[in-house]
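Right, one structure below, let's go through it.
Numbered from 1 within each chain, the chains take letters A, B, ... in sequence-line order.
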2 protein chains.
Amino acid sequence: MINNASKAAQEELKRKGYKLTGPRIAIINYLAESQEHPDMQQIFAGIRAEYPGIGMATVYRTLGLLLELDILRAITVNKNQLLYELKKPDDHHHHLVCTGCSQIIEFGSCSFKHISSEIETVTRYSIEDHTLEAYGLCPQCQGDFQVERG
Amino acid sequence: MINNASKAAQEELKRKGYKLTGPRIAIINYLAESQEHPDMQQIFAGIRAEYPGIGMATVYRTLGLLLELDILRAITVNKNQLLYELKKPDDHHHHLVCTGCSQIIEFGSCSFKHISSEIETVTRYSIEDHTLEAYGLCPQCQGDFQVERG
DNA sequence: GTCTAATTGAGAAATATTTTCATTAAAGTT
DNA sequence: AACTTTAATGAAAATATTTCTCAATTAGAC
Ligand SMILES: [Zn+2]
Ligand SMILES: [Zn+2]
Ligand SMILES: [Zn+2]
Ligand SMILES: [Zn+2]
């Protein structure tokens, strides 16, 4: 139980009747510890460090399972690169992505909840979740842009 | 010039010094006409209907170019399926995705602009764009869910 | 029409993902 | 703790996706 997020994810797996195996625990722990938003390759490489024998297929299968069980979230910030993050209890945040250097920071302000019920009324959907990604230039890249133009 | 969105995209290509070729026009027209949010396979198949000789590589290259030039937007609504839509002048909308049947509808209400400058102040990023996807059940799937439970 | 460089299509190559199946191991039962 | 059952795993093969290479084509400039 590395931390709370790992604990919650492991309990959820058990609760839904899945076995808590070594590979799964290693993957969950890696995700729970990760401060960035790793992609498939980073996850695979990172886990091999502490679980050398793990197979690629197991990582794919486990990420798929965690997504399906709504324990994991996938975000796309560039055209074809899926990034992952474990859903943490009581954490709601969104992403601000620099179009210059691809750095990602998170922000907590969320205005969607204010219009959510209005959208539910208009569309007749029942809304359960949402993701929001904002794009722009980080302070560093704004500076670089000035320099480029001379 | 199928419609306004196609016209705008073609002009933008020219303006930035790219050649307006048959394949590119066919791809842009397909995207401009498309009411749904097609993925790569649909785009390729759809374009072959009116431009049979087009190669897969050209479609990949053109989508990449349009993304780079900010004429095209890619969204991810399911784990590993990228969907595309041409950016239309004066159109700002977001997506509401049914987790039951994957149907996507669009909504225009956007609350992000209200907090955008606040986030810019706090983070020192300059924000240029954003995407928002909401997830839930469409009216039909809410009904099916009731039926399933008996 | 001629010229030039960008663009294209076909196929090869490189990557990424899924499937198959014999083996392993988690979790429940005695 | 040994026994049993069945899900889960790893390795390799099979698929699928994306990029690259290069000779041939073609848009746009003159
Ligand atoms: Zn995040
Ligand atoms: Zn939010
Ligand atoms: Zn849309
Ligand atoms: Zn918006």
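With rounding to whole Å, B:Q42 atom CD is found 16 Å from D:dT17 atom C1'. Note: CD1 (B:I54) to P (D:dA24) measures 21 Å, nearest angstrom. Rounded to an integer number of Å, the gap from A:L69 CG to D:dA8 P is 10 Å. For B:L63 and C:dT7, the CG to C1' distance is 15 Å, given to the nearest whole Å. As rounded to whole Å, 11 Å separates atom C1' of C:dT17 from atom CD of A:Q41. Atom OH in B:Y60 sits roughly 17 Å away from atom C1' in D:dT21 (whole-Å rounding).
The two residues B:Q142 and A:S126 come nearest to each other via the heavy atoms NE2-N, 3.2 Å. Listed here is the closest heavy atom pair of A:P89 and A:N4: CG-OD1, 4.2 Å. Between B:E118 and A:S109, the shortest heavy-atom contact is OE2-OG, 3.4 Å.
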What donor-acceptor contacts under 3.5 angstrom involve side-chain atoms of residues 40-52 of chain A, with partners at least two apart or in another chain?
| unit_1 | atom_1 | unit_2 | atom_2 | d |
| --- | --- | --- | --- | --- |
| A:Q42 | OE1 | A:D39 | N | 3.0 |
| A:R48 | NE | A:P52 | O | 3.1 |
| A:R48 | NH2 | A:P52 | O | 3.0 |
| A:R48 | NH2 | A:I54 | O | 3.4 |

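Of the candidates D:dG10, C:dA26, C:dG11, the closest approach to any side-chain atom of A:T21 belongs to C:dA26. In the set C:dT8, D:dG10, C:dT17, the nucleotide with an atom closest to the side chain of B:T58 is C:dT8. Checking D:dA11, C:dA10, C:dT7 against the side-chain heavy atoms of B:R61 singles out C:dA10 as nearest. Checked against D:dT18, D:dT9, D:dC20, the side chain of A:T62 finds its nearest nucleotide in D:dT9. Listed nucleotides: D:dG10, D:dT17, D:dC20. Nearest to the side chain of B:A57: D:dC20. Closest to the side chain of B:R24, out of C:dT17, C:dA25, C:dT8, is C:dT8.
B:L82 and B:M56 end up in the same hydrophobic cluster when Ile, Leu, Val, Met, Phe, Trp and Tyr side chains are linked at under 4.5 Å.
Bending across the helix from C:dG1-D:dC30 to C:dT30-D:dA1, expressed as the angle between its end axes from five pairs apiece, amounts to 50° (10° rounding).
Residues of residues 45-53 of chain B that place a heavy atom closer than 4.0 Å to DNA chain C, in numerical order, are B:Y51, B:G53.
Checking side-chain atoms of A:E120 against main-chain N and O of A:I127 turns up a donor-acceptor pair under 3.5 Å.
A residue-by-residue look at B:M56 and B:G22 shows that B:M56 has its nearest nucleotide of DNA chain D further toward the 5' end.
Residues B:F107 and B:L132 have side chains in contact (heavy-atom distance under 4.5 Å, counting atoms from C-beta outward).
The base of D:dT26 is not paired with the side chain of B:K19 by any donor and acceptor separated by under 3.5 Å.
Taking the centre of each ring, B:H37 and B:H95 come in below the 6.0 Å mark.
A salt bridge links A:R15 with A:E12: the distance from a Lys NZ or Arg NE/NH1/NH2 to an Asp or Glu carboxylate oxygen falls below 4.0 Å.
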